[in-house]
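Below, chain A is the first sequence line, B the second, and so on; all start at residue 1.
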Protein chains: 2
Amino acid sequence: MKKVGIISYGITPFTKEDQKIETVLLKSVKNLFENNSSVDRNDIDAVLVSTNNNAKYLSPVLSEMMGIQPKIAHSIESLCNSGTNSIVSAYSYISSGLADMVLISGAERYDSPGQILEWDNSRGEYKHPIYWASIFTKSYKREFSISNEDLAVVPVKNHKQAKENPNAMSSKTYSIDDVINSKKLTDDIRLLDCSRPCTGSASIILASEDIVKENTEQPVWITGIGQKTISAGFTKNMSLSSMESTKLAGDTALKMANRKISDIDTAEIHDAFSVCEPMALESLGFAKPGKGIDTIKELHDTNNFKINPRGGLIGSGHPLGATGIAQTIEITQQLQSNANKRQVDNANVGLVHNMSAAATSSTVLVLEK
Amino acid sequence: MKKVGIISYGITPFTKEDQKIETVLLKSVKNLFENNSSVDRNDIDAVLVSTNNNAKYLSPVLSEMMGIQPKIAHSIESLCNSGTNSIVSAYSYISSGLADMVLISGAERYDSPGQILEWDNSRGEYKHPIYWASIFTKSYKREFSISNEDLAVVPVKNHKQAKENPNAMSSKTYSIDDVINSKKLTDDIRLLDCSRPCTGSASIILASEDIVKENTEQPVWITGIGQKTISAGFTKNMSLSSMESTKLAGDTALKMANRKISDIDTAEIHDAFSVCEPMALESLGFAKPGKGIDTIKELHDTNNFKINPRGGLIGSGHPLGATGIAQTIEITQQLQSNANKRQVDNANVGLVHNMSAAATSSTVLVLEK
């Protein structure tokens with residue numbers, strides 16, 4: 001396959017602001033062109049918009065506003081991993097030769113209709129994601145004798161790391177007690193265990209090898225891709241304390257990149273809720289089953305930003321269609337040694353884990369400099 | 001690039017029925033597996049859903065209902081050419097090597113939110129597509145001295161052809177007078193000049209060369225692809241009596257296929273309104289500027305089904321996200337000599353033209369047996 005890399009990125013602050021989706025989209029694309037002024041918009045062959053917003057024809061709308069006339073233009077939706085689905089699609093356009101340069105732009109409003117999967121009637125009135133997160137949490141705690149205090153280290157760590165991310169929605173730090181004493185939403189979920197939907201946008205440009213080398217001195221390459229969908233409803237054939245789609249996507253991505261999990265220097269993990277971070281770390285192989293919290297505690301205690309350096313979804317906020325792209329930007333900045341106070345030492349190989357709807361589907365990307 | 005072909009297809013009748021989008025989607029996929037029982041659903045690497053419906057996560061939903069666990073799964077939206085955008089995306093997944101077999105399924109309800117582009121405020125209250133169609137019609141009639149009677153041959157021909165299509169919404173034939181005397185919607189548009197939104201679904205499976213040869217004795221290959229987006233709003237830099245995006249997409253597709261327009265034996269043309277058929281024929285090179293109606297009249301008079309054999313959008317109905325896939329199925333059936341009373345003689349090379357929003361974007365595919 002042809003080599004595909006990242007030549008620029010742009011991002012907005014993640015907020016609760018009430019802005020039109022077109023305005024939000026445009027802001028990260030403008031930031032992208034400011035970040036790399038060598039990119040000629042006449043060279044952009046495809047514009048892919050990642051969103052759960054119900055507005056139509058957003059790719060041509062964005063293209064017209066930016067003065068781009070692409071060949072390929074459409075929106076992509078897959079709930080919370082729309083962003084990495086769009087990145088993989090862009091990769092395939094370039095790798096197949098149908099495009100040489102692709103702009104991927106993800107955006108969401110705080111009131112995104114992608115927050116609830118209306119289809120899943122097996123959930124009855126319990127369609128809000130806090131209910132599957134609650135079931136996962138109860139199951140994980142029981143199976144591995146994990147306490148609420150143990151899990152609370154995830155938001156404590158991720159809010160601490162988000163404080164160094166100028167675009168994160170959170171700028172506060174919290175203690176274990178703050179998490180435990182925050183509003184109880186279900187038996188097993190407190191308010192501070194949750195990532196929050198927000199308004200925000202993130203954009204990147206992918207290109208073929210020659211164009212990457214012409215346009216940036218700090219290329220970052222996508223070397224591994226893995227995706228898997230197990231089901232849509234989470235009660236179908238799934239373990240409730242591990243993530244099968246994540247395991248399969250991770251194995252595929254590492255194999256494609258010819259890497260082991262121990263080669264990964266930093267990773268963005270889809271911590272939609274506290275329990276998701278240890279479950280994903282275990283399913284990806286960063287930790288043995290039930291030992292993810294130990295890994296997270298050790299990283300927190302040593303102030304090591306390896307996992308979710310930008311603060312994860314819990315610290316940064318979760319603008320659904322933008323999240324996978326924002327994760328990819330963070331790993332890009334880490335590999336370029338551009339992550340300021342969030343910088344992880346010796347970051348040469350990075351991983352992005354982005355999932356939807358109770359891990360019924362997952363995407364894993366491996367990035368290298 | 002790797003060779004990509006079609007191994008099965010399925011379609012539903014196009015109706016005004018009030019059905020859930022998931023039900024509509026499922027029906028054409030079931031028909032697809034009935035049409036080629038050799039396809040193993042465990043081999044499906046990607047499921048792409050083409051729709052303007054606001055329901056989320058439809059690809060995993062469809063996959064779960066069909067017992068498929070794909071790697072790649074998402075929805076694609078680009079108003080009326082969502083269908084061919086999805087086909088091109090599937091092509092790139094296969095051509096890049098990320099997938100070997102892709103299911104593409106398009107569906108829409110009669111009340112699709114994709115009918116009106118809310119973003120285009122330059123249209124004021126005139127956002128319904130009949131207004132751009134009306135402006136195109138007035139402009140085309142003036143520039144080339146075309147009468148309402150001349151244009152009426154388009155719906156007369158397409159309803160006649162749709163009568164031989166068992167899945168078409170229309171089963172009536174009309175005279176030139178019927179068209180002229182049908183309800184006047186604007187100065188230049190009558191009711192029978194319009195395609196009608198409807199409920200319907202169409203699905204195909206694309207695969208890589210070896211898999212195509214294993215799974216069908218009548219392979220049809222996608223040999224040419226062209227896409228272009230000029231803008232989102234139709235008042236931007238556009239001629240009102242030709243289709244620039246169609247011209248550019250057509251040129252690209254023919255060049256990729258190493259074909260001339262005179263090689264095309266049959267074509268599906270996006271006749272959203274009467275005027276679109278001659279304009280598209282001229283922009284693609286089937287006729288000289290202003291002469292598209294002469295070509296259409298000659299085909300009609302000789303009962304030649306070459307253009308829009310299934311009755312086009314005007315005769316078949318227009319379930320937005322399914323239309324481009326239904327067009328591709330028609331050309332596939334023609335090349336396989338499976339089109340019954342609609343069959344065009346010596347159909348070896350076919351073309352699909354699918355566009356959105358006043359031809360602000362177009363896709364053109366070349367198919368060969």
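Annotation for B:K127 and B:I116: closest pair CB-CG2, 3.7 Å, computed over non-hydrogen atoms.
For the pair A:T51 (side chain) and A:A107 (backbone), a donor-acceptor distance under 3.5 Å is present. Side-chain atoms of B:S283 never come within 3.5 Å of backbone atoms of B:K247 as a donor-acceptor pair (strictly under, hydrogens ignored).
Looking at A:N53, the atoms closer than 4.5 Å to chain B (heavy atoms on both sides) all sit in the backbone: N, CA, C or O. Contact of B:S356 with chain A is made through backbone and side chain together, with heavy-atom distances under 4.5 Å. For B:S59, no part lies under 4.5 angstrom from a heavy atom of chain A. Both the backbone and the side chain of A:I72 come within less than 4.5 Å of a heavy atom of chain B.
The line from CD1 of B:I94 to CD1 of B:I222 is 8.0 Å long, rounded to the nearest 0.5 Å.
Listed in order of number, the residues of residues 77-85 of chain A that approach chain B to under 4.5 Å between heavy atoms are A:E77, A:S78, A:L79, A:N85.
Within 6.0 Å of CG on B:N258 lie no more than 12 heavy atoms contributed by other residues, nucleotides or ligands.
Among the candidates A:S361, A:A73, A:P70, A:G67, the residue making the largest number of heavy-atom pairs closer than 4.5 Å to chain B is A:P70. Looking only at heavy-atom pairs under 4.5 Å with chain B, the residue among A:E22, A:E118, A:K20 that has the most is A:E22. Across A:S86, A:S63, A:P113, the residue that shares the most heavy-atom pairs under 4.5 angstrom with chain B is A:P113. Here B:S89 is the residue among B:S89, B:S362, B:G226 with the most heavy-atom pairs under 4.5 Å with chain A.
Not counting sequence neighbours, A:Y110 has no partner by the ring pair (Phe, Tyr, Trp, His ring centres under 6.0 Å) test. Under the salt bridge (Lys or Arg N to Asp or Glu O under 4.0 Å) criterion, B:D18 pairs with B:R109, not counting sequence neighbours. For the ring pair (Phe, Tyr, Trp, His ring centres under 6.0 Å) test, residues two or more places apart in sequence or in another chain that qualify with B:H270 are B:H318.
Under the 4.5 Å side-chain criterion, counting only non-hydrogen atoms from C-beta, A:L284 is in contact with A:T246.
Ring geometry for A:H74 versus A:Y93: interplanar angle of 30 to 60°, hence tilted.
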